[in-house]
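The structure appears right after this line, and notes come after that.
Below, read A as the first sequence line, B as the second, and so on, with proteins coming before strands; counting in each chain starts at 1. Both backbone and side-chain heavy atoms feed into the values below; hydrogens, waters and symmetry mates do not.
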Amino acid sequence: EAQVTQNPRYLITVTGKKLTVTCSQNMNHEYMSWYRQDPGLGLRQIYYSMNVEVTDKGDVPEGYKVSRKEKRNFPLILESPSPNQTSLYFCASHEGGGNTEAFFGQGTRLTVV
Amino acid sequence: GQSLEQPSEVTAVEGAIVQINCTYQTSGFYGLSWYQQHDGGAPTFLSYNALDGLEETGRFSSFLSRSDSYGYLLLQELQMKDSASYFCVLNNAGNMLTFGGGTRLMVKP
C-alpha cells in the first residue's frame, strides 16, 4: 500500500528541547516536503527536497532543519522549539515531472509550552 | 512568487451544486490541482488540470483557464460527507506545490 508515515502523531514538548519528526515514504518518490498548517493560513511549505542530499527552503523555514540522506526518509528537526512552532505538521511526497498527486502523512500535532 | 486566492467559506445544501473558485499568480507552472481535507485528516488529492478545460472525475469536475489565471472545482449532487476544506494548489515549474488558503465547505441537510 502506497503511504507516507509520520511519527509521532502527537507531541508536547518544552521550549528549547530539540526534537525530530520522522517521515518515510514507500513509493520511491523524488520529491518530499514539509508543511505546517495553522488556522486560517492553509498549508505553508517549510522545506522541500528534490532528491537525496538536495533540499531547499520553502516559505517558512526559520527554526527548522531537514535532511535527506536516503530517498525514503525526510526528517524535520527543530533544534530549539519555541511556542510559535506549535502547529499541525504534514509531510508529503510526490513523483514530480508534472505529476502532481501528492501523498500526505497523517500529520503531527506539536505543542511547545 | 506564487499566490492563490479562494473564498474562505462556502455553504450549500445537500443535493445541490457548488463551485469553488481559485485565482492565482505565478511566473510558470505545470498545472493546478485540488485537494480535500476533512477536519483532523490529511489532505487528499482530488483532481489535476495541466491543460485548459474541464476534467471530470465522478461528481467532481475541475476547470482551468491559463489565460485568465483562474480555475474552479465543481461539486455536484452534494453529500454531507463533502463537508471539508478544499485547496487549490499550483504545481510550479520547480515541482514545488503552493497551496491556497483553503475553502471550508459546509453542506447542510
Side-chain angles (χ1 to χ4, degrees), chain A residues 1-7 9-10 21 23 25 27 29-51 54-61 66 68 74 87-109, chain B residues 1-9 20 22-26 28-52 55 57 60 62 64 66 71 73 84-105:
Chain A
E1 180 192 352
Q3 60 183 7
V4 177
T5 304
Q6 282 178 238
N7 280 296
R9 293 289 310 276
Y10 302 92
V21 185
C23 174
Q25 51 100 358
M27 295 163 280
H29 285 164
E30 292 192 351
Y31 292 82
M32 296 186 75
S33 300
W34 276 102
Y35 298 87
R36 62 177 288 174
Q37 186 171 29
D38 302 289
L41 295 176
L43 282 91
R44 295 180 293 168
Q45 191 174 62
I46 303 170
Y47 268 94
Y48 67 100
S49 170
M50 292 149 283
N51 214 324
V54 182
T55 63
D56 206 350
K57 295 177 181 178
D59 297 319
V60 288
V66 292
R68 187 96 181 270
F74 190 45
S87 188
L88 177 59
Y89 292 86
F90 287 102
C91 177
S93 74
H94 70 283
E95 202 171 278
N99 182 335
T100 193
E101 180 173 359
F103 295 81
F104 284 78
Q106 319 93 302
T108 297
R109 188 165 291 280
Chain B
Q2 295 82 31
S3 66
L4 302 102
E5 293 287 332
Q6 50 182 129
S8 58
E9 275 190 19
I20 299 174
C22 174
T23 57
Y24 59 84
Q25 290 186 332
T26 181
F29 71 115
Y30 284 125
L32 189 72
S33 301
W34 290 89
Y35 284 75
Q36 178 190 61
Q37 185 184 29
H38 287 98
D39 283 346
T44 55
F45 174 81
L46 287 178
S47 69
Y48 175 59
N49 293 73
L51 304 173
D52 282 7
E55 293 283 340
T57 310
F60 295 176
S62 58
L64 174 65
R66 286 176 179 262
L73 179 70
S85 292
Y86 293 85
F87 296 89
C88 57
V89 181
L90 281 175
N91 185 347
N92 300 306
N95 271 293
M96 280 181 55
L97 302 182
T98 301
F99 280 72
T103 298
R104 188 172 185 87
L105 171 64

d(A:Glu101 CD, B:Leu46 CG) to nearest 0.5 Å is 10.0 Å
Any non-hydrogen side-chain atom of A:Leu43 less than 4.5 Å from a side-chain atom of B:Pro43?
yes
Take a 6.0 Å sphere around CZ of A:Arg44 and say whether it holds more than 12 heavy atoms from other residues, nucleotides or ligands.
yes
Neighbour count >12 (heavy atoms, 6.0 Å) for atom CD, B:Glu5
no
Distance (rounded to the nearest 0.5 Å) between A:Asp59 CG and B:Met96 CE:
5.5 Å
Side chains of B:Leu97 and A:Tyr35: does their closest heavy-atom pair fall under 4.5 Å?
yes
Are the side chain of B:Tyr35 and the backbone N or O of A:Ala102 linked by a donor-acceptor pair below 3.5 Å?
yes
B:Arg66 atom CZ: more than 12 heavy-atom contacts under 6.0 Å
yes
Distance-minimising heavy-atom pair for A:Gly105 and B:Ala42
O-CB, 3.1 Å
Do B:Phe99 and A:Gln37 touch side chain to side chain, with heavy atoms closer than 4.5 Å?
no
